[in-house]
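Order of the sequence lines sets the chain letters (A, B, ...), proteins ahead of strands, with each chain counted from 1.
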2 protein chains.
Amino acid sequence: MDIRQLRYFTAIAEEKQITRAAKRLHIAQPPLSQQLKSLEDELGILLFERKARSLELTEAGEVLYQKAKHLLEKVEEAVLEVKEVGDGLKGVLSIGSVKTCFSYIPERLLYFRENYPLVTFRLKEGDSSLLADYVRSREVELAIVRLPLDMEDFSCLPLPTDQFVAVLPESWSVPSALQTKQLSDMPLMLLHRTNGVGLYELVVNKLKEHQLEPNIICDCPDAAMLLSLVRSGLGVALLPKSTLPSFSMQGLKMVPLEDCLIESESAVIWLKDRYLSKKAQRFIETFQSIELAADGR
Amino acid sequence: MDIRQLRYFTAIAEEKQITRAAKRLHIAQPPLSQQLKSLEDELGILLFERKARSLELTEAGEVLYQKAKHLLEKVEEAVLEVKEVGDGLKGVLSIGSVKTCFSYIPERLLYFRENYPLVTFRLKEGDSSLLADYVRSREVELAIVRLPLDMEDFSCLPLPTDQFVAVLPESWSVPSALQTKQLSDMPLMLLHRTNGVGLYELVVNKLKEHQLEPNIICDCPDAAMLLSLVRSGLGVALLPKSTLPSFSMQGLKMVPLEDCLIESESAVIWLKDRYLSKKAQRFIETFQSIELAADGR
DNA sequence: GTAATCCATACAAAAAACGTATGAGTAGAA
DNA sequence: TTCTACTCATACGTTTTTTGTATGGATTAC
């Protein structure tokens with residue numbers, strides 16, 4: 001039995017005539033007679049009672065007609081849904097993001113969902129090297145991470161570079177801007193990945209390049225913890241500016257670095273030369289178009 | 001899209017390998033590759049992610065797999081059910097029966113249902129000519145009727161001939177047997193069809209053949225009414241013997257006709273040279289085998 | 001009785017599916 | 001690394017299936 005045969009059969013059942021059904025199906029009449037016969041032979045039963053002028057369904061034929069109609073509907077439905085999923089119009093998209101980049105997410109998710117309302121999201125977070133592993137193991141399809149990162153396995157879409165700012169306790173007497181060299185006098189606190197090379201090393205190296213010996217009193221993988229420590233007056237945190245919108249700044253003061261030497265780069269990454277779902281592709285396109293729009297401003 | 005292609009696809013999805021799936025399907029590997037490709041082309045989407053050693057379903061592939069599995073089950077189910085109905089093992093069988101033959105029914109229905117427990121019944125009643133019309137218009141597939149009847153449109157299975165008996169009020173002084181000629185003295189009551197020629201004419205003609213002028217004081221299409229009239233002492237009813245088991249004989253007395261001149265014939269009838277459902281055919285076979293068994297006694 | 005319809009069959013052409021042979025790419029072992 | 005083993009994809013010829021054309025038989029409408 002065949003889907004085509006079922007279509008033929010239902011056409012005959014509805015037209016009650018092979019000739020008319022053949023016209024409707026845009027085929028000649030004899031093949032349709034034959035297909036009906038072969039279906040009847042295969043089932044070993046008579047589906048139509050051949051009356052003089054028209055064909056009438058037998059009881060078994062009626063049963064098959066009801067089933068076939070239902071089945072054909074289901075088939076159509078399945079094809080449509082599979083196509084939607086395949087075209088990235090529907091499905092679940094797993095994304096990872098480091099917390100310090102999370103401020104990029106909401107706006108873009110909102111925009112994406114306007115265009116693809118059937119796509120839902122599953123978010124994971126972690127530091128960049130963990131997220132890179134998630135991408136490699138397919139736990140997420142793409143991730144928003146801070147560079148540097150070993151990019152051998154990944155394709156990427158760079159996000160706008162991001163200046164580092166200093167975050168000081170509000171209680172401190174705070175200048176409106178800082179020179180980088182002033183930092184060496186202050187107790188610094190930096191983000192540090194649980195493993196791998198990242199921002200921490202970037203900052204330390206940058207400062208050393210300028211013959212500055214930083215006074216790092218704490219490193220921590222979590223920005224919220226870090227900011228709490230600042231709030232308590234322990235020291236000064238150095239963070240990419242884009243990190244801050246996600247956190248409460250109560251009791252804190254952000255101060256830009258006047259001679260900004262340190263910049264942070266972020267990027268959307270995904271597995272290079274491997275299957276990437278359509279919805280992930282569309283998500284990346286969305287990201288891209290938003291960057292372009294932002295550039296245009 | 002094709003049922004075969006869905007079968008192929010699910011096999012690949014389950015085996016995660018085209019080679020293994022091809023073995024399972026008893027075909028060579030290349031055609032299976034082709035069929036998969038043609039399915040993917042038709043849908044316009046990738047169903048499997050070609051990994052080095054095995055194929056993994058994409059999200060769209062996973063959706064199709066779930067749908068396909070379900071669809072294939074439904075197809076199997078539909079085929080089985082259609083076959084059952086077509087083989088007469090399942091369905092609704094519409095039967096008509098005149099009340100005076102109803103005593104034939106219960107035993108045979110019981111026996112039939114032992115062999116075909118999924119077949120259910122829809123019973124209609126009426127006089128023989130009405131039932132003949134029901135058969136012609138397909139309101140019932142077969143009917144149990146009293147002859148005579150215009151048999152041009154029908155095939156039939158004759159049932160055992162049936163002697164007429166007289167039914168008298170119990171209160172009357174009743175002989176243990178009657179001569180037919182004694183009937184002419186008595187007030188007779190006969191069944192009479194609402195239209196058409198039937199038992200009534202049969203009886204009247206038979207009596208006239210023997211130079212007996214019957215004294216018919218009532219005719220009535222319904223046996224129950226007729227027997228009520230007898231019970232009240234109005235007269236004597238002449239009925240086929242097989243009619244009586246369906247009715248209460250309280251206040252009545254059945255008396256055989258000694259020189260039984262009048263016989264009634266019944267038959268199962270159905271449309272000649274037209275489609276007859278398998279279940280009806282089986283019902284007729286059952287009837288036949290019961291008659292044979294009864295003859296053998 | 002004739003024309004018009006409709007279904008079924010016969011046969012040829014076109015399309016689809018299949019099998020064999022073969023090549024390219026990758027994983028695991030030597 | 002090289003070699004082997006294994007998998008998938010492609011090319012091409014063969015077989016099977018499906019379709020179209022031509023035609024005959026049966027039935028209805030005029």
Colleague: Between Glu125(B) and Ser97(B), is any pair of side-chain heavy atoms under 4.5 Å apart?
Modeller: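 Side chain of Glu125(B) against side chain of Ser97(B), heavy atoms only: no contact under 4.5 Å found.
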Colleague: Give a yes/no on whether any side-chain N or O of Arg50(B) is located under 4.0 angstrom from OP1 or OP2 of dA24(C).
Modeller: no
Colleague: Closest approach to the side chain of Gln35(A), judged atom by atom: which nucleotide of dA11(D), dT18(D), dC18(C) is it?
Modeller: dT18(D)
Colleague: Could you state the CZ-C1' distance from Arg7(B) to dC18(C), rounded to the nearest angstrom?
Modeller: 18 Å
Colleague: When we call it a touch if two heavy atoms are under 4.0 Å apart, what does Phe48(B) touch: a base, just sugar-phosphate, or nothing?
Modeller: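 No contact at all - Phe48(B) keeps every heavy atom at 4.0 Å or more from the nucleic acid.
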Colleague: Looking at dT19(D), I'd like to know if its phosphate oxygens (OP1 or OP2) sit under 4.0 Å from a side-chain N or O belonging to Arg4(A).
Modeller: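 Yes, Arg4(A) has a side-chain N/O under 4.0 Å of OP1/OP2 on dT19(D).
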Colleague: Using a cut-off of strictly less than 4.0 Å, decide whether Ser33(B) has a side-chain nitrogen or oxygen near OP1 or OP2 of dA9(D).
Modeller: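 Yes.
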Colleague: Please state whether the phosphate of dG20(D), meaning OP1 or OP2, lies under 4.0 angstrom from any side-chain nitrogen or oxygen of Gln34(A).
Modeller: no
Colleague: Would you give the length of the straight line joining atom CD of Glu84(B) to atom CG of Leu89(B), rounded to the nearest 0.5 angstrom?
Modeller: 6.0 Å
Colleague: Assign the ring pair Phe283(B) / Phe112(B) to parallel, tilted or perpendicular, where the plane angle (0 to 90°) is split at 30° and 60°.
Modeller: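 Because their plane-to-plane angle is over 60°, the rings of Phe283(B) and Phe112(B) count as perpendicular.
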Colleague: Lys23(B) NZ to dG19(C) C1': how many Å, rounded?
Modeller: 16 Å
Colleague: Nearest-Å distance, CD1 (Ile18(A)) to P (dT9(C))?
Modeller: 10 Å
Colleague: Could you please name the option among dA17(C), dC7(C), dT20(C) that lies closest to any side-chain atom of Asp2(B)?
Modeller: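 Nucleotide nearest to Asp2(B)'s side chain: dA17(C).
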Colleague: Of Leu36(A) and Leu32(B), whose closest DNA chain C nucleotide lies nearer the 5' terminus?
Modeller: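 Comparing both residues, the 5'-ward one is Leu36(A).
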Colleague: What is the distance, to the nearest angstrom, from the CE atom on Met1(A) to the C1' atom on dT17(D)?
Modeller: 18 Å
Colleague: By nearest heavy atom, map Gln17(B) and Ile27(A) onto DNA chain D; which one lands nearer the 5' end?
Modeller: Gln17(B)
Colleague: Rounded off to whole Å, could you give me the CD-to-P distance for the Glu40(A) and dT9(C) pair?
Modeller: 11 Å
Colleague: Can a side chain N or O of Gln29(B) be found less than 4.0 Å away from OP1 or OP2 on dC8(D)?
Modeller: no
Colleague: Would Lys124(B) pass as a cation-pi partner of Tyr134(B), given that its NZ or CZ must be under 6.0 Å from the six-membered ring centre and within 45 degrees of the axis?
Modeller: yes
Colleague: dC7(C), OP1 or OP2 - any side-chain N/O from Thr19(A) closer than 4.0 Å?
Modeller: yes
Colleague: Starting at atom CD of Glu15(B), determine the distance to atom P of dT7(D), rounded to an integer number of angstrom.
Modeller: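 In whole Å, dT7(D) P lies 12 Å from Glu15(B) CD.
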Colleague: For side-chain contact (heavy atoms from CB on, under 4.5 Å), just list the numbers for Arg138(B) and Leu271(B), CA-CA rounded to whole Å, side-chain angles, deciding distance to a tenth of an Å, and then say yes or no.
Modeller: CA-CA 9 Å; Arg138(B) 297 298 182 98; Leu271(B) 275 180; 3.2 Å; yes
Colleague: If I take atom NZ in residue Lys37(B) and atom P in nucleotide dA16(C), what distance separates them, rounded to the nearest angstrom?
Modeller: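 It is 15 Å, rounded to the nearest whole Å.
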Colleague: Provide, to the nearest angstrom, the distance between the CG atom belonging to Leu55(B) and the C1' atom belonging to dT7(D).
Modeller: 9 Å
